[in-house]
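Bear in mind the structure is a predicted one, so any value in this text is a computation, not a measurement. Both counts, for ligands and for their atoms, begin at 1 and track the order of listing.
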Amino acid sequence: MADTLLDKIWQAHTVRVLPSGQTQLFIGLHLIHEVTSPQAFHMLREAGLKVRFPERTFATIDHIVPTASQLRPFSDTLAEEMTAHLVRNCQEYDIPLFGLDSGRQGIVHVIGPELGLTQPGITIGCGDSHTSTHGALGALAFGIGTSQVRDVFATQCLAIARPKLRQIRVDGRLAGGVYAKDVILTIIQRLGVKGGVGYAYEYAGSAVEAMSMEERLTICNMSIEGGARLGYVNPDETTFAYLKDRPFAPQGETYDRAVRWWKSMATDPGASFDHVVHLDALSIQPMVTWGINPGQSVGVKDPIPDPRNAAESDRASWAEALAFMSFEAGRPIIGTSIDVAFIGSCTNARLSDLQSAAAVLQGRKVAKGVRALVVPGSQAVAKAAESEGLHEIFREAGFEWRKAGCSLCLGMNEDKLQGREICASSSNRNFKGRQGSPTGRTLLMSPAMVAAAAIAGEIADVRELLP
Ligand code: SF4
């Protein structure tokens, strides 16, 4: 019988089926950070319980950490307090922490894959909704709430309902200037922000198979923005090559054995899905969001849509979005002035993201009046980028070169929009208030498109700046 990767991992990690119909699922890897873990540690302590598998638990500091200076104690007392809490909790429960002096600190969804902790065929839990990112390596990765973080601490298990499975096939070749971010924004635009509720997404097709691991991470990262809690790509040679020699990946003969097992976990030919969607890669263009959720996007050459043309169920939210953004239906999105350019986040702050933006910025300057910052996803990304001189390209263009963290993706540290500022952002959410100002406006796009907008001072078509 032909099985999917979802079938195989689910079966391999099922402890038992609960009376509720949910599955008690063993979690192979638990990733934690400073924001969603303190309360869970507190509940664990109150219950007099220990962390069941500290060797399967790893911590980093990302959400609230400052990115201008990371010298302790931080001037932000809340950031300092949360960091100190995490350090203490990790010491008390014997959990490895990738702290600021480790050389391995960074956004939890960037460091998991780059350290080789994220591997095919495993289950992963993390108290952050973008945990779906890790599915790029062929894992089932769940974003979980604080009480579930406690449950995983105490039992290494989750009680969870098995989702249905939708395969999204993207076939053909992407045109120049079109990136993985444009693919996932297109998928969310077509299927809707709630289209994936109750589903896991399997991304497949020749365009996905041709993607690098970093591009696959971008796609899987935003599964949750389309309503799917899980998203994955089947493990293949790209996956195995990516994992080879990573610090926590199996080494030597164990690696060879692991590759054999990883291969066996991929979806079998002829396996069936609850639903299949097809996309032509060549039909995808550089995308920009115009509204207040990641599904409200258009191609850069297209006009902002008119709520009168929306499906009945979308009409009110489109009108609300236009009113919040102060945008006019029918006018082109290209040419929209920006105040801030942000390259960062667990969606698009890996080395290839910085390379694609630097290729656009080389020899050019950020427009007057635009505040531009680039925040590498991890210390390792920063180091690799610096070794290629990318930091100099960014600085010469007029970008601030920051230290690793979530930064302006959610504005939990000092990096925030001011008032009604408009930000061209490589992050994943454009919700009202997401970037730290309740009235700030976020336009999501690829890092190369952010670079193009930073130079022009307005939304521009990156294809016109590429050789
Ligand atoms: S970069 Fe943004 S989306 Fe990613 S983990 Fe941090 S806050 Fe969450």
Asker: Please list, chain by chain and in numerical order, all residues satisfying salt bridge (charged side-chain N to carboxylate O under 4.0 Å, His left out) with E215, sequence neighbours excluded.
Answerer: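 For E215 there are no salt bridge (charged side-chain N to carboxylate O under 4.0 Å, His left out) partners, ignoring immediate neighbours.
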
Asker: Can you name the residues that form a salt bridge (charged side-chain N to carboxylate O under 4.0 Å, His left out) with E458, not counting sequence neighbours?
Answerer: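 With sequence neighbours excluded, E458 shows a salt bridge (charged side-chain N to carboxylate O under 4.0 Å, His left out) to no residue whatsoever.
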
Asker: For atom 2 (Fe) of ligand 1, which protein N/O/S atoms are closer than 2.8 Å?
Answerer: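 As for protein N, O or S atoms lying under 2.8 Å from atom 2 (Fe) of ligand 1, they are C409 SG.
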
Asker: Which ligand 1 atoms are under 4.0 Å away from a heavy-atom of R434?
Answerer: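 With R434 as reference, the close atoms of ligand 1 come out as 2 (Fe), 3 (S), 7 (S).
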
Asker: Please state whether the rings of Y199 and Y201 are parallel, tilted or perpendicular, taking 30° and 60° as the class boundaries.
Answerer: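 Tilted, since the angle between the ring planes falls between 30° and 60°.
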
Asker: In sequence, state the C-alpha distance, the side-chain angles, and the governing distance for L86 and S37, and then conclude on side-chain contact (heavy atoms from CB on, under 4.5 Å).
Answerer: CA-CA 8 Å; L86 183 69; S37 68; 3.6 Å; yes

Asker: May I ask you to check if R420 and F324 form a cation-pi contact, with NZ or CZ under 6.0 angstrom from the six-membered ring centre and within 45° of the axis?
Answerer: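 Judged by the rule, R420 and F324 form a cation-pi pair.
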
Asker: Anything under 3.5 Å between a donor and an acceptor, one on a side chain of residues 399-406, the other on a protein residue two or more places apart or in another chain? List them.
Answerer:
residue: E400; atom: OE1; partner: R402; partner atom: NE; Å: 2.9
residue: E400; atom: OE1; partner: R402; partner atom: NH2; Å: 2.8
residue: W401; atom: NE1; partner: E386; partner atom: OE2; Å: 2.7
residue: R402; atom: NH1; partner: T67; partner atom: OG1; Å: 2.8
residue: R402; atom: NH1; partner: D415; partner atom: OD1; Å: 2.8
residue: R402; atom: NH1; partner: D415; partner atom: OD2; Å: 3.2

Asker: Could you measure the distance from the CE atom of M213 to the OG1 atom of T118? Nearest 0.5 Å is fine.
Answerer: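 Between M213 CE and T118 OG1, I get 10.0 Å after rounding to 0.5 Å.
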
Asker: Decide whether the shortest distance between a heavy atom of E225 and an atom of ligand 1 is less than 4.0 Å.
Answerer: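 In this structure, E225 fails to qualify as a contact of ligand 1 - no heavy atom is under 4.0 Å.
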
